[in-house]
Structure formats: C-alpha cells, structure tokens
Amino acid sequence: MPTMQTDKPFTYKVDEHLTDQLGVGMRVVVPFGKGNRLIQGFVTRIFEQTDYQGELKKVAAVLELAPVLNDESLQLAEWMARETFSFRISCMQAMLPSAMRAQYQKKVVLLTDQVSEELKAFFADKSEQIFDEQKISTNMQGKLLKARRQKQVEIKYLVKNKARAKKIMMFQSKLTEEIIEEEKSKLRVNANKLRKLLSFLRTHPKIALTQAQFEKKIGLTAGVLRAAEKKGWLLRQESEQYRDPRKNLMVGQTIPKNLTSQQREAVEAVLAEATKKHSTTFLLQGVTGSGKTEVYLQVIAKVLAAGKAALMLVPEISLTPQMVERVTSRFGEKVALLHSGLSSGEKFDEWRRIEKGEAQVVVGARSAIFAPLKKLGIIIIDEEHETSYKQDNMPRYHARDVAKWRAEYHHCPVLLGSATPSLESRARAQKGVYRWLHMDARINQQPLPKVKIVDMREEVPQSKNINFSEALLRGIKQTLERHEQIILMLNRRGYSSFMMCRDCGFVLKCPNCDISLTLHMDTHSMKCHYCGHEEAIPQVCPSCKGRHIRYYGTGTQQVEVELQKLFSTARILRMDVDTTRRKGAHTRILNKFGQHEADILLGTQMIAKGLDYPDVTLVGVLNADTALGMTDFRASEKTFQLLTQVSGRAGRATKKGQVIIQTYNPHHYAIQLAKEQNYEKFFRKEMSIRHQGAYPPYYYTIQIVASSPEESLAAKKMYQIYAEIRKYLSNQAVILGPTPQAVARINNRYFYQLIVKYKKEKQLFVYLDKILYESQKDERKGLKIMINREPLNFV
DNA sequence: AGCACGCCGACT
DNA sequence: GTCGGCGTGCTC
C-alpha cells in the first residue's frame, strides 16, 4: 500500500506447497491488517529465519511462475523511492505494465435470512453483492456496516489479477503423409471439403491455424474442422497469442543509409564507449533535418550485432506511425512498442516479449524506460528536452535520470538527442559532464527554411481576420496554388491566463521576479505565483497607455472556421485534444495528411514534433506569444524550442520551405533567435538570465505543494512548512513563497506551494523525509502534501 | 486502505 | 450511565 507507515517490507510465512514456486521479484497475494483483507505485494527477500517477534501470516497466493522484477528492478525501485520522495511500492508498480497492478474488489456476503426488508432488497435473492463505494448510497453503506457488526453480513476481499495472456484455439495437424493418403482413399467421392483439407495438410505438415485462418485460406467452415477433429486429424488446443500493436502498420524493409561525416563521427563516438566498463552520457545536438534518427538506428544496429539490447525513448506526442515504421522497418520482429496508445493487454504482451528476450529493441514513451531488457547496450532519449519525460504523479521520476541509473548498472552509454537541448543538458555538456556531439549540417544540403516574423501590432486593425496576417494569407494562397501542403500551429499553452496589450505587445510582469503575472479571476487581480506579489488588473496598458489590453487565446475550432471561409476549396485537417481523443485518431489524421488527402494541417503544439512530410513547404505559427506569457521561468526556453521545432517541419525534402511566425513580441530574443535558428546564441543569453535570477541549471529546485478542499487548511500547512524549513536551510538557499498556485483551485481543491532554490543543502532532505512521513496524518483531513524534485512545470 | 481503540459530547 | 462520532496508531 502506498503509505509512509507501510513503506517497509513485511514478513510472511510460506506454505510448503508454495516454496518451490515462490521467488524474489514475484507478485503475491497476502492477508493484511485486522480484517485480513487480501492485497497484492512483491517478494523482495526470502529467508529461513526471521527476527520478527510475532505471529506470521501466510502468503495466500503466488501470482506468477517467473519473477516480474529482477535484481536490477528492485535496486532501481529502492533508489527511485529515495530520489523522488515516493513509496517503494509505488515505484515497483510504476515499473510494470498496468495490467499487473491488481484490481481490488469487495463483496458483501449474506450470512442469515434474518435481515431487514431493505437488506433483502439489496441482495435481491442473491447471497452476495459487489460492494462498490461509488455506486452504493452512503445511507446503504451505513446499514451494511451495521449489519456486519451484527454478524448478518460479512465483507469479502478479492484480488483480481488482470495480467492474462490472450488465449486462442488453434487446430494442429496430427497426420503424417502416409496417413493422409490412407484417409484420403477412405473418403467418399463427394467429401470435397475434407479432401481439400487433407491436400492442404499434406503440403503444410505441422501447421497450426485458427478456425478463422482455415476459413480464409481454404474456405472451410467450423463444421468441417469439428469433423476433422473427431476423426483425429486435427488437434484442438489452446495457445497463447500476443496482442500485436503493429498489425495495422505497413512495414516494409529499409537498409541503413549512407552517413554524412558528422553522422559517422557521432555513431563512432558512441560505439567507442559502448564496450567500456563505465557509462558515458552523450548529448547529440543536431539541427532539424541533420539525421539524428539515422544515427540512432545505426548505433542500435551495432549494439544488436554485439548481442545486446537497445532502448529508445521518444516523446509520446511524436510516437507517430512514421517514427514507429522507421524503426520497425529496420529491425522488424525485434522491436517492441510501449506507449499509451496501446491497450493494457497489448502493453502487457509487449512487456512479456521483452522480458522473455524475444524483442531486443524497445521504442516507447516515458515509462518504457523500465522495459525489462537484460543486456542493455544503449539507451537513447530523443527530443531529450521534452518535459513529458518527467512523470507528474507519484513517483515523480525523470526518465533521463532513470536512464542514467540503468546505464550505470549495465555499463552502457546514454545518448540524449535534440535540436534544442534543455538548458540543463546543454550546460552539462559545456562542463564536460556529458560528451557533446553536434551536427550542424542538414542531410539533403537544404538550407534551413526562411523564417519570417510578422509583427501583429502593425497589421491593419480593421481587418476582419484577427488571426491571420496579410503575409500569412498570401503564403497560404501561394502554397495552395502550387498544390503543396501547409502546417499551421496555434499555440495554446498558457491559454488566457495572462494579459497582453494588443497595441504594443506588453505583458505585465512581476517587479520582483521578472516573470509574467497570472490573471486570477476569483480575486480580480494579477498575481505572481513565485513570490506572491499581487496587483490590480490594469485598465490601460502601463507601457503605451493603450486600452486594448485583454486576455490572450483563441481556439483551433474558431480558426478552422475562419480559415475555411477564406479558402473555401482547401481541405483542412484539425488536430487538437478534441479531435484526437479517440484511440488511433492521432494516427488516422497524420496518415491522411501524409497521403496528401488534405492541404492544411491545423493543430496545437502536438503537430510541432517529428512530422516529416516532403510536400509541406509552409509552416505558419499563428501566435508565438502565448508561451512567453507562461508564468514560468522556462517560458523563453519553451517558446524557442517550440518555434525551432515547428520551423523544422518545412522543406524537409527537396522543396524549399518557408516559415511565418506571427507575434506581438517580434523583438523578444526567444523569437528572434528562433528565426535565426541560433541555438548557441539562445543558450548563452538564456544562461545569463538564469544566472541572474538564480534559476536552474545554476540552482536546484524543490517544489512543495499542499492542497485541500479547504483553502485555509492548505495555506496554513504551507506557512507552517515555511516556518520549519528555514531551520534546515543555510542562508545560501532561497525560498519562494508560499503562494497560491496559478490555477488556485482544481477539482475543488486549493493549492499552495513553496519553492526552494538551493545548491547544497544536506539537511533539506532530512526535512523532506520528515514532511513525507508526517503527511500521512494530514491526508485524513483531506490535506495532501506533494514533494516535487526539479519540477518542470510550476503550475 | 481499513480496522480497533480511546476520548469526548449528547442522548435515553 | 451509554451510544456513536472522530482522531490516532498499526498492519508481518
């Protein structure tokens, strides 16, 4: 159970009949607590003797035949729990596919007929009912609990193991060639179907097929198969089948491409470290189109050739069919896929294929970092700057850190790739902590696309089209005329939470923190959620005295309507959270666009990554500013990365690309440097700003959040922590807050937070462990405490 | 998460 | 006096 008091191992007795089966790393069902309710646990140690002075309970059941956690996973879980202030059991569960997390169910069992009419009605002639707190009224729950005290009913606890292999019926031939001939001669002349079956079995001895496959191949129906089974020709047996997430992919075969000299240098540098007894982390910084993926693929190929396995992480958002196809077309059956688009059964099966060593290349999103590969030869993290690599619930791990831990364990290199590395990683490369590899030449020798910045403040104000500038409209028109494709991105991050002047682009900032103020409609004020500064909502722009100051944000749907009106014949595809909610919708939209069944792809930031379509020659960013308005010190970094990424979508093949960025802040360095595609200059500029503000990577950060349905409770707790934490900190550390979070209320809970910026604070961790331990008591009052090490989002 | 124990106020 | 609510400790 994920609580602090139970975050330790418990000892159980193992019955004789289970001793052979039981092993370290297996899941077991054990009775726990006074009521002996059954729960799922993990075996972490087995020993003959115990020093526990009490009655031991017995393990109730063993859930598997082979361990699901090995020595590495157990050590990793231990490390992760300490590192991220989480519970060990949460870490172990996070490492396994969700199908292996047991489902608990409660049932109420009727013990006697002597009960009230109301209870009789509840049981409705049955002896037991499922006890679901969500479905049963509180009133009824009370009555049931009362009936239990009077021994009229009892509560039964069940553990449901969802981790099941998919079973299918297969028919297998039992016949030898001689018997086939013999049987054939015995058949009646009109037994056409049976004769057909025999001929087929003769040419395909030992074959095992499902009924459906027989039907499809030789047109046999169920009746014929049953007859054949009766005659003893076929053996019907259950067989395990993997659920294959790749069944709808069109996968060809590709061969390694010729490398440019920069690519070859990168591949060789990584491979040179691959055989050493230590682990090196590389930062591969390559401009968009420089062929990072091919570097990954060739490194993987070499690693496989050496008999080792490869793990490659890709952001969820860019696990496009395109990406998957590139890898599977090179490594075929050896590839296993792990991402949120798969059903839990599919994930479970892919996990088992990896665990059994049937797949040696794993491609997946964040949690794939735990893939149970045994002899890792390389771990690759593509788009390493992506914030989705950090999990934002318990355990709050960063896949990059887990990668480094595992690489250390396996003595293999880590390869971090990006066109726009996170400042943290780039700074480490600078300091020599990471080996820095860079590729500044594009594969096809195409120059980077021309980027045009449109100053939206100068657009004709009477124009009806508030979302499109003249330049962008002209660009779209010309591109459509050439029958080429267009990607339009609407930046939705930080949607309408900040205010900006439409006349001059001024964004209201905090006088203390130099960070945009957040609009709080509940208090009708502008707040800084770093330091708590608060001021009135301005009526006129403090900079230009203009009155066109307003919230920022437009929806994709609205833009689509406007766009369709302007270009009535253009085929538009919209891609945002609304249109991609359904499973596979993401893939369908991209396939459609890839096959040029649409002219314009309109979407949110999810279209910025990894798409590679040769016919796209125009990329338009409708509003580059919203990210800058984010109340986060990483706002500039994120804006720069996003604009650079999306610009890279234009002119990938032989055609020249063009990028148009609309903004109210044309002179902001993040936008100017994205136009130049000058990462290095951006890095230096941003680093000096971080240095001045004492932000990462110069300082470490820890975020502590208290939340409660009662605002005063959360606030009080946070101030109490604030008062205490100072005793544990040196005067080198900086505390920001406590402040209410930018979105102060979510799901009727109020959030208060505090951020500590520090360099070296040993005592801090002692205190954080203490908070974690004590948070348990508060939880019952509805007060939750969350500790987030190196948070990436401060909202 | 869920059970028991113990303390407290409100009731027959 | 006693019933029942709730805060707290503990679960091998």
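Naming: A, B, ... by sequence-line order, numbering from 1 per chain.
- Heavy atoms from other residues, nucleotides or ligands lying under 6.0 Å from NZ of K375(A) number 12 at most.
- Between the P atom of dC12(C) and the CD1 atom of I89(A) lies a distance of 14 Å, rounded to the nearest Å.
- Ion pairing between R400(A) and E384(A) holds under the 4.0 Å rule for side-chain N and carboxylate O.
- Between F32(A) atom CZ and dT11(C) atom C1' there is a gap of 4 Å when expressed in whole angstrom units.
- Below 30°, between 30° and 60°, or above 60°: for Y719(A) and Y722(A) the angle between ring planes is above 60°, a perpendicular geometry.
- Comparing K34(A) and K57(A), the nucleotide of DNA chain C nearest to each residue sits closer to the 5' end for K34(A).
- With rounding to whole Å, K781(A) atom NZ is found 9 Å from dG7(C) atom C1'.
- Between Y157(A) and dC3(B), a side-chain N or O to OP1/OP2 separation shorter than 4.0 Å is present.
- Ring orientation note: the planes of Y700(A) and Y758(A) are tilted relative to one another, at an angle of 30° to 60°.
- Atom CZ of R780(A) and atom P of dC6(C) are 14 Å apart (whole Å).
- In summary, E128(A) and K156(A) engage in a salt bridge, as defined by a charged side-chain N under 4.0 Å from a carboxylate O.
- Atom OH of Y104(A) is separated from atom P of dA1(B) by 11 Å (rounded to the nearest Å).
- A distance cut-off of 5.5 Å between ring centres, combined with a plane angle under 30°, places Y52(A) in a stacking arrangement with the base of dC12(C).
- Going from atom CG of D778(A) over to atom P of dG9(C) covers 12 Å, rounded to whole Å.
- For dT8(C), neither phosphate oxygen OP1 nor OP2 lies less than 4.0 angstrom from any side-chain nitrogen or oxygen of K777(A).
- Looking at heavy-atom distances under 4.0 Å, K106(A) makes contact with sugar-phosphate atoms alone, never a base.
- The shortest distance between the side-chain N/O atoms of R148(A) and the OP1/OP2 oxygens of dC3(B) is below 4.0 Å.
- Atom NZ in K8(A) sits about 9 Å away from atom P in dC10(C), given to the nearest Å.
- The CZ atom of F42(A) sits 18 Å away from the C1' atom of dC12(C) (whole-angstrom rounding).
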